[in-house]
Number of protein chains: 2
Amino acid sequence: MSKATIYDVARVANVSIKTVSRVLNGEPKASPETRARVMEAARSLNYKPSLSARALSGSRSFLIALVSSGGVSDNAMLYVTELQMGAIQACRAGGYHLLTEYIDLNTSDFDALTETLASTLRVDGVILVPPLCDDPQLLSLLAERGVTCVRISPTLNPDQDDAWGWGVDIDNYRAAFQMTRYLMDQGHRDIGFIQGHPGHAAAAQRQAGYRDALFDGGPIPERLIQPGLFTFNSGLPAARALLGQAQRPTAIFAANDSMAMAVLSVAYKMGIPVPTALSVAGIDDLPAASVVCPPLTTVRQPVMEMGAAAARFIIDRTAGQVGSYLKQIFDHSLVVRESTAPPA
Amino acid sequence: MSKATIYDVARVANVSIKTVSRVLNGEPKASPETRARVMEAARSLNYKPSLSARALSGSRSFLIALVSSGGVSDNAMLYVTELQMGAIQACRAGGYHLLTEYIDLNTSDFDALTETLASTLRVDGVILVPPLCDDPQLLSLLAERGVTCVRISPTLNPDQDDAWGWGVDIDNYRAAFQMTRYLMDQGHRDIGFIQGHPGHAAAAQRQAGYRDALFDGGPIPERLIQPGLFTFNSGLPAARALLGQAQRPTAIFAANDSMAMAVLSVAYKMGIPVPTALSVAGIDDLPAASVVCPPLTTVRQPVMEMGAAAARFIIDRTAGQVGSYLKQIFDHSLVVRESTAPPA
DNA sequence: TCAGATAATGACAGCGCTGTCCCCGTTTCC
DNA sequence: GGAAACGGGGACAGCGCTGTCATTATCTGA
C-alpha cells in the first residue's frame, strides 16, 4: 500500500539509498541510466518521501505558513482566501505545503507564534498579510529567529525594510491615479474620496494618486475627503458625510472595495440611484464586488499571482537563490462595471 | 536561541529524555516533583518540541488538512475561510496545525492528493468541504489509506456513510422550514423557491422544508420553483424566470445566499424594490449577506464552530477516543435583515 | 515473610531521510 | 607517465523524538 520507503526503492533499483535521494532531489551526481532506473522503481512502488523525515534530517521543512489576523466577517478576508489559493499552487509546484496560522490581534502572543513557527514547525518561510506585515514587533521577532518572510502590501520602513523581508504589492499610487482619471474622463470633477487606514502605506499612496490626478498635487478640498479604515463599517459614516452635503459629489472613490460597498449601501438607503446620480468606485476587486448592485467598478489586483510569487520566493530562497530583499510590484487593471457612469 | 532539544531539557531537569517526553505528553507515569522539574526546565530553556521528530518517531503527525476545491471567486469560498478559522482554533488548542490543500475539480488527481496526504504528510485527518465531501472516489481512496475524514455538510449514502467518516451539518430541513414559515408569518403565500445543486443532499432537504411548510407535503406548483446550482450565476436565470411571470411571487426563498444575491441583482435591474414589492431570503449568512442592498434575511450556520468540531474530532480520535461514526447537527438561527417584509 | 503487583524511570533501537566524507575508475594535461 | 581533476556512487552517522522493554524501588496481601 502506502508503506514504501526509500529502502524499498533502493533495493528495487539496485542502488544505495543515497543515490535514490540524489535522484529524487535532482542532485547532480547520477548517470542518466541510474536516474531512470530509480525513477522507474519509485513509480512502480508508488513511493512518496516522508515530509517529516526529510525535514528532520535536512535543512528544509517544505512548509510555508500563511499568517493572518483580523475578524472573519470582515471581507478583507476574502483577499486572504485568494492569496492562499495562489500560494498553494506555488507550493504544490515546488513540493511544498501551506500551513495556515491565525493570530488574534487582541491577545496577540507574537512570541508564542514565532516560537511555534521557528522551533516546532521550522517553516521555511512565512507570508504575512496586513496588518500583521507591518507590525515591527512581530517582524523583528521573526528576523531574530532567522525566519524568511514575505510581506503582502507592506508599509516599508526606510530604515528596516531590507531586514524585514521581501514584499509584494501593486502600484497603489498609479491604481488610484488611473481610477480618478477614469472618473474624470467620464466627466466627473466633483469626486469624493474615502481614505484607508492611516497606518497602512497603501492608504497614503492611494490618496496621493487621487490628489495628483484631480488636483495636480494641490490641496484636497475638505468637503471631498473623509476618513476610513478600510472596513465596511468605517465606510458608512464617511459615505453619509459625503452624501449628506447640500451640494454632494457626483462620484465617490473609496480607497477599497469594502468601503465602496458601504457607499453603495448608504446611497441605496438615501434613495440616490447609482450610477445615474452617483458614481462609485473602489480598489481590490473583491469577489463580492461583482455581485453587489450595481456591480462595482474597481481596480483588480492579481492577488492569486501575488500569493504564488510570495510562496515561490520562499521556496527559491530556501533552495539557495538569494533574491534581492525588496518589493515586487504587480500589474493592476481597471475593471469597469456598472457603478460608474457620466454625471447627469 | 531556538536550538533547545529534548536532551537539553533532560540535562537541566536531571532526568532521561524519555521522562521529559512523558511529562510533555501528559503520559501517566511521572511523579509530581519530576513533572514540575521538567516543566520548569522546559520553560526556562524555552523548549518547543520538533514537529517532524515527533511525527517521524511517533504515530501522530499533528497535522490536519483542510481540502477544498472550486473556483476562488465563487463566494462559497467565504464559507471555507470561516471553517478554517474554527479549525485553526481547535488545532491550536490541541497542539495541532492546519494544512490547506486545494484540488482543481477539472484536473482532479485524487490519487496524487490521497497519496500526498497519506504518505508524504501522514496527516492525522482531513476535513472535506462540499462538493469534495461527496465524491465517492475520493472518499474511498482516503478510506483505503486509512485516513480519518470529517465531511462538512455531507450527503450521506445509506450504505457507506459509516465507512466514509464523520460529518457536521445543520438541520437543513428545519432551517428551510423555519424560513418559509417566517415568510408566511409575514403574510406571504406566493413564495418562489430556487433549488440547490441536485447532487447535494442539503439541496433536497431545504426544498423539502420549504414544501412541507408551504404546501404541507403537497406538490409545489411549477411556477414557483426554479432549478439552481448554489452559485450566483445559476441564480440569475432562475430569478429572471420567477420574476418575469405575469403574476410574480411576493417572496423568493433561494436555497442559499449566493443565489439570493442573484435574485437581489435581477430585482434591482428589473426595478422591483426589495423588500416593498418583493421579499428575498437565503441560507448561509455569508459575510457578503450583510453588505448587499438590502442586507439579506438568511439562516446563520455556526460555521466556525463546525470547523472547530471537525478538527477536534480528528484530534480526539487520533488520541484514542473512538467517536461514533456519524453526523453531528449544529443549531442554526434565523437572521432577519432588511430584504424581507410583509407583502404590499 | 515473600511472591507478585504497582509506580517511577531509564536504556536503547529505530522512524526515513539528508549531509559529510570517502572511494574508485576515467580523463586531462603538462 | 604521473598527479590532479572529475564523474558516479556508497558507507555511515545522525536529525530529535517515541515505543518497547528492562530495571529498580516500594507496596500489597495471604
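We name chains A, B, ... by the order of the sequence lines, and we start the count at 1 in each one.
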Can you give one letter per nucleotide of nucleotides 19-26 of chain C, going 5' to 3': B for a protein heavy atom under 4.0 Å from the base, S for sugar-phosphate only, - for none?
BB------
Go through B:V126 and B:E101 one step at a time and tell me if the side-chain contact (heavy atoms from CB on, under 4.5 Å) criterion holds.
CA-CA 10 Å; B:V126 311; B:E101 294 287 335; over 6 Å; no
Over all heavy atoms of both residues, which pair between [X] and [Y] is shortest? Give the atoms and the distance, please.
{"X": "A:P154", "Y": "A:G167", "result": "CG-CA, 4.2 Å"}
{"X": "B:A311", "Y": "B:I64", "result": "O-CD1, 3.8 Å"}
{"X": "B:M85", "Y": "A:Y102", "result": "SD-CD1, 2.9 Å"}

State plainly whether the residues [X] and [Y] are in salt-bridge range, i.e. N to O under 4.0 Å.
{"X": "A:R151", "Y": "A:D134", "value": "yes"}
{"X": "B:R60", "Y": "B:D124", "value": "no"}
{"X": "A:E40", "Y": "A:R37", "value": "no"}

Using a cut-off of less than 4.0 Å, is there contact between a side-chain N or O of B:S31 and OP1 or OP2 of C:dA7?
no
Determine the contact category for B:T34: base if any of its heavy atoms lies under 4.0 Å from a base atom, sugar-phosphate if only primed atoms, P, OP1 or OP2 are that close, otherwise nothing.
sugar-phosphate
Heavy-atom contact window of chain B on DNA chain D, given 5' to 3' at under 4.0 Å
D:dG16 to D:dT20
Walking DNA chain C from its 5' end, the first of A:S50 and B:T19 to be reached, judged by nearest nucleotide, is B:T19
Quick one: on DNA chain C, does B:P32 or A:A53 contact a more 5' nucleotide (nearest heavy atom)?
B:P32
Would you mind telling me which of A:I152, A:V67, A:V80, A:L132 makes a side-chain contact (heavy atoms from CB on, under 4.5 Å) with A:I127?
A:I152
